[in-house]
Amino acid sequence: MTRNLIVIGAGMASGRMLEHLFETQPGAWNVTLFNAEPRGNYNRLMLSPVLSGEKTYAEIVTHDADWYETHGVTCRFGEKVLRIDREAQVVVGENGAVPYDRLVIATGSNPFMIPLPGHDLEGVIPYRDLDDTQRMMALGATPGARAVVIGGGLLGLEAAAGMKAQGIDVTVVHVMGHLMERQLDEAAGYLLKKALEAKGIKVLTGANSKEILGTDGRVSGLLLDDGTEIPCDLLVMAVGIRPNVALAQDAGLAVGRGIHVDDAMVTSDGHILALGECVEHQGAVFGLVAPLYDQAKVAADTLGETHATFTPKEVATKLKVTGCDLFSAGDFAEGDGREDIVFRDPARGVYKRLVLQGTRLIGAVMYGDTADGAWFHGLIKDHSDVSDMRDTLIFGPAFQGGAPSDPLAAVAALPGNAEICGCNGICKSTIVDAINGGATTLSDVRAQTKASASCGTCTGLVEQVMALTLGDGFEAQTVKPMCPCTPLTHMDVRRLIKSRALKSMAAVMQECGWTTSCGCASCRPALNYYLLCDWPGEYQDDDQSRFVNERMHSNIQKDGTYSVVPRMWGGITTPDELRAIADAADKYAVQTVKVTGGQRIDLLGVKKQDLPDIWADLNAAGMVSGQAYAKGLRTVKTCVGSDHCRFGTQDSTGLGIRMEKALWGSWTPAKVKMAVSGCPRNCAESTCKDVGVICVDSGYVLHIGGAAGLHIQGTEVMCTVRTEDEVLEYTAAVVQLYREEAAYLERMYKWMDNVGLDHIVERVVTDADSRRALADRFYYAQKFMQQDPWAERTKASYRALYAPLVDLTLEAAE
Amino acid sequence: MTDWTDIGALTDIPERGARVVKTHLGCVAVFRTVSDEVFAIDDACPHKGGPLSEGIVHGRSVTCPLHNMVLRLDTGLAQGADEGAVSTYAVRVEKGRIMLDTTRLRRGQVA
């Protein structure tokens with residue numbers, strides 16, 4: 001018989017419990033899920049990557065509408081629960097009452113807001129859910145925006161780093177003497193502070209907040225005890241959480257700091273369970289996800305009337321701020337009978353401290369190199385006797401028993417019961433079993449074991465376990481380094497450039513550990529593009545990292561001469577332009593004049609030293625570089641459209657010219673070709689272009705992802721729009737998304753294969769805000785890109801570079 | 001015998017770039033590396049004659065712009081699986097000026 005289960009709160013704990021429930025007791029429960037937030041369960045741990053722009057909300061949703069529907073969950077999202085009537089066994093929501101056989105309270109916690117004067121001003125927010133995250137992200141759109149974060153703990157620092165990544169000027173105000181004092185000691189706190197300051201975040205420790213200042217009801221700054229005033233447009237308070245017990249308390253359940261539960265997660269009412277951040281178990285309350293997942297499993301078992309017991313475990317902490325590698329576990333306060341082992345390497349910014357009591361390791365703090373964290377955590381949890389290896393303990397497992405210091409050795413040395421994924425409590429043997437059972441990719445392992453599927457910081461460890469178990473079979477599938485200079489993939493590097501705000505090639509090579517002094521012919525052009533794309537107006541294009549064609553702004557031919565192609569907007573030219581081209585062809589003894597497939601004219605066989613002169617002549621006739629050599633916009637091919645053609649439905653030529661004028665000059669991962677056809681007869685061949693437009697009576701069909709080169713590929717339809725202005729906005733947005741997400745040299749169709757058309761449609765079509773933001777970023781970058789390279793290079797300072805350094809043939813014969 | 005000829009200032013060559021010296025025996029590419037070392041080799045790739053002076057310079061190597069053959073600037077030898085070599089010429093920097101040994105490059109000096 002199906003029984004009624006009500007769950008209040010769609011957070012990570014209750015979400016995990018439902019997963020267990022549907023797995024172990026399918027069909028047993030008729031579930032109603034209340035959530036005060038107007039959305040379902042998402043991975044709150046991943047809000048920081050969303051804030052810093054490394055992930056999108058869609059990527060962190062754990063249960064989507066389909067999931068709830070598949071499992072027959074009645075969702076009452078955005079509806080507040082008014083009260084619980086224990087007598088009648090009903091939950092009363094704003095839209096009516098629902099009866100229950102069992103009730104699970106998972107109301108989580110409320111952020112603690114320090115009642116400083118001014119704490120109720122507009123613009124003072126906690127950091128708790130997606131709405132808060134979006135408030136912070138929105139601030140990033142305002143140039144010169146400033147924010148203050150009160151609280152230098154885990155959450156506060158992630159908020160600060162995320163906002164910094166959005167371009168916001170951030171100050172962290174922390175009352176204690178060093179950051180993250182609950183997880184770190186002073187030395188590690190210092191290194192962390194230094195790393196954050198190097199990212200441009202201001203950090204004030206030992207700072208007491210006195211008053212939040214405001215004007216017209218909006219926050220304008222923070223006043224400290226010592227009189228310092230820090231102006232800001234947003235103030236984020238991240239000083240801690242309090243279990244949310246209001247509903248339970250009103251219902252008369254036993255409540256202390258949290259809702260009292262026993263080992264089976266049952267409250268003082270036998271029909272009601274509670275779990276997550278709202279509970280108190282044996283005097284302890286919870287804030288990290290690992291014990292909550294344990295509770296979820298116990299609660300699901302209890303509902304199924306299986307006996308299960310929740311036992312709190314030692315948890316380890318990692319900070320999800322890219323570039324700040326820290327780890328802490330156990331107890332590391334100084335005390336009688338405790339001994340420290342410390343290792344420092346100032347040059348690398350590495351600090352490790354182990355705390356021993358008797359023969360046991362009881363705490364570990366590490367900064368800068370945390371590779372051995374899991375191993376130390378294991379020793380702490382298992383109360384292992386470490387006296388035999390005390391002398392070499394700090395060097396990690398690779399040094400025990402004289403094993404070579406191979407990066408994989410540390411992982412190989414872990415016993416099967418060593419915990420790899422702290423969030424989900426997954427140990428090494430579970431992962432190995434899954435791999436031996438056929439999971440060969442990271443996503444397989446995540447799907448089957450959940451290892452690295454929550455906060456993701458253990459992804460590297462999981463991959464190492466996979467590498468060890470699969471041997472060579474692993475490397476080939478998932479890790480394709482961008483070049484021999486680095487083990488990182490193109491996508492890793494792109495992510496790090498953004499998240500660590502790396503703005504020069506030297507910074508990328510240093511911070512990502514390049515093994516060569518200045519890269520190679522493969523990575524340098526890629527890095528130059530990524531930096532140019534991600535930091536418009538800040539990064540200086542490096543000519544010496546360009547392939548010859550882009551450096552010379554001409555296509556090199558097999559005999560070392562060049563070809564020159566002036567732009568013909570939308571394939572339209574004039575008699576005057578043609579005369580200037582003919583004159584130039586005569587004057588510079590051009591070998592061949594060729595009409596290209598992109599509707600313009602190619603002058604082939606120009607000598608290098610003549611390039612500046614022929615460009616100057618063409619410039620004088622009003623023409624600019626056609627960039628026929630660029631990984632950028634090549635041409636927008638058009639048909640004559642409604643001006644002349646009896647079938648034309650729209651002004652395809654005019655639209656093509658508008659598109660080309662808007663998009664020229666932009667650098668992209670690979671070349672981009674476009675076309676506009678005036679009717680579905682498609683004379684401009686729009687359906688094999690990167691972006692193709694086909695005009696119809698009612699508007700414009702936008703196609704993307706076509707190619708007709710080495711690989712022939714028809715386009716996919718992205719959407720249909722009604723006006724030319726929309727064509728421009730959608731095109732700019734899709735090109736920008738491609739610029740931001742694709743690997744260097746990856747044509748648009750390949751990128752589309754990787755991310756999927758749905759993703760592109762979601763970001764460019766469905767989500768109007770995302771589209772506008774993409775288009776805005778595109779046009780912002782264009783301000784720096786739309787300079788005719790010819791005009792620049794005909795200047796005297798450049799001209800010399802096109803001539804020989806010296807001509808020894810001119811010296812008189814001896 | 002060596003015949004040192006002043007062919008220009010170090011700063012005339014972009015860092016990690018090259019300029020050419022025209023001679024009766026073809027062009028010589030003079031490279032400047034990231035650490036301001038200077039090397040001179042024939043400006044023609046042994047593969048298909050590509051202008052090496054237009055290649056990307058990395059470390060003490062250059063990648064040919066036509067088909068990506070990689071050549072050492074100091075030895076003139078092709079790297080990796082490729083075989084082949086280009087001639088190298090003695091070159092040094094004195095007080096910011098580049099001095100090229102042109103003994104083998106003058107008309108009538110063909111060995």
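To find a chain, count down the sequence lines: A is the first, B the second, and so on, and within it residues start at 1. Note that the structure is a prediction, hence the values are computed from the model and not measured.
- Ranked by heavy-atom pairs under 4.5 Å with chain B, the list A:Cys485, A:Gly560, A:Cys520 is led by A:Cys520.
- Residue A:Ser522 does not touch chain B at all, counting heavy-atom pairs closer than 4.5 Å.
- With a 4.5 Å cut-off on non-hydrogen atoms, A:Asn549 does not touch chain B at all.
- Tested against A:Ser545, the residues A:Glu550, A:Arg524, A:Arg551 include a single side chain to side chain donor-acceptor pair (under 3.5 Å) partner, A:Arg524.
- Residues A:Lys587 and A:Asp610 are not paired through a salt bridge, judged by the lack of any N-O separation under 4.0 Å between the basic side chain and the carboxylate.
- For A:Ala707 against A:Arg747, the heavy-atom pair with the smallest separation is CB-NH2, 4.0 Å.
- With chain A as partner, the option from B:Ile13, B:Thr23, B:Val62 having the largest number of non-hydrogen pairs under 4.5 angstrom is B:Thr23.
- A salt bridge links B:Arg32 to B:Asp36: one of the charged nitrogens lies within less than 4.0 Å of a carboxylate oxygen.
- The contact between B:Val34 and chain A is made entirely by side chain atoms (from C-beta outward), counting heavy-atom distances below 4.5 Å.
- No other option in B:Arg19, B:His67, B:Lys48 has as many heavy-atom pairs under 4.5 Å with chain A as B:Arg19.
- With a 4.5 angstrom heavy-atom cutoff, B:Ile7 touches chain A via backbone and side-chain atoms both.
- Each of A:Tyr562, A:Tyr629, A:Tyr798, A:Trp790 was compared with A:His553 under the ring pair (Phe, Tyr, Trp, His ring centres under 6.0 Å) criterion, and only A:Tyr629 meets it.
- Contact check on B:Arg92 versus B:Asp101 returns no salt bridge, with no Lys/Arg side-chain nitrogen under 4.0 Å from an Asp/Glu carboxylate oxygen.
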